[in-house]
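The block underneath contains the structure these notes are about, expressed in structure tokens.
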Amino acid sequence: MRVAALSDVHGNLAALDAVLADVIEAEVDTVVFTGDVALGPFPDPTLERLMELSLPARFVRGNCDRELVAAFDATPVEESLHDASWDAAVAWAAGRMSAEQRNFLARFEPSFTLTVDGLGPTLFCHATPRSDEEIVTPLTPPAVLEPILDGVPEATVVVGHTHTQFDLAVGRTRLVNPGSVGMPNADAPGAYWAVLGPDVMMRRSEYDVAAAAEAIDASGFPIPRFGEEHVLTVPGAAEAQARFEQMGVERRSRS
Ligand SMILES: [Mn+2]
């Protein structure tokens, strides 16, 4: 089969709609969302759109999806990657969700395998096969990456979480990140995703980022200037990877 891999929509409805239009043209067999669909400026209409998709779709649970369900249920989260401003965003977004939307998010799967044309058995997960928070980037040392993928039988592993497109060979495994639909780290604004099968085709969909950023910054989403800093302009890929890798080093040194 051929798959459209969409990750980290983060409640950016305009970006999602732009990608879905291009996905239809790509004529894939299924769409896989690799997590973090709703935490962002338009959580409820984003979930509504995903719940009524006419395309065949599967959903991986991201750390932010997990945290939204926990916040909706008022269950404390043990540890979070987020700082206090993002904790406020989780509470804000969970407060806009219906019980049906909560139940939809709660059914997302930790990971699953599909056989993709040309790529073979392909594992879809959010951060790494064993965690929805662990940070891996092209800067992660092989001595760290290889044990994470040791014992994973799939030829290809597709992850999201760090919002940056990459396509890496790690030992026998091809590790692919399609980037982020709604909150990318990249060298140009837009909505990033990938077509899988028979190879990996990285994609970028254009949309009206000025109008989207304006709507986002008027939405009440409690992260200041989110539209301006993550949609109208975006953090550069190299800079973001260095920042994520530093977070990864700090997390590894604590565990
Ligand atoms: Mn994530």
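Note that this is a predicted model, so its numbers are computed, not measured. Order of appearance sets the numbers: ligands from 1, and atoms from 1 within every ligand.
For the pair Phe108 and Phe33, the minimum side-chain heavy-atom distance is 4.5 Å or more.
At a cut-off of 2.8 Å, Cys64 is not counted among the residues with an N, O or S atom near the Mn ion (ligand 1). At least one N, O or S atom of Asn63 sits under 2.8 Å from the Mn ion (ligand 1).
Classification of the Trp86-His10 ring pair by plane angle, with boundaries at 30° and 60°, yields perpendicular.
When distances from the Mn ion (ligand 1) to the N, O or S atoms of His161 are compared, ND1 comes out shortest. Taking the Mn ion (ligand 1) as reference, the nearest N/O/S atom within Asp36 carries the name OD2.
The cationic group of Arg58 lies under 6.0 Å from the six-membered ring centre of Phe112 and within 45° of the ring axis, placing it in a cation-pi geometry.
No more than 12 heavy atoms of other residues, nucleotides or ligands lie within 6.0 Å of CZ in Arg172, so this atom counts as exposed by the packing criterion.
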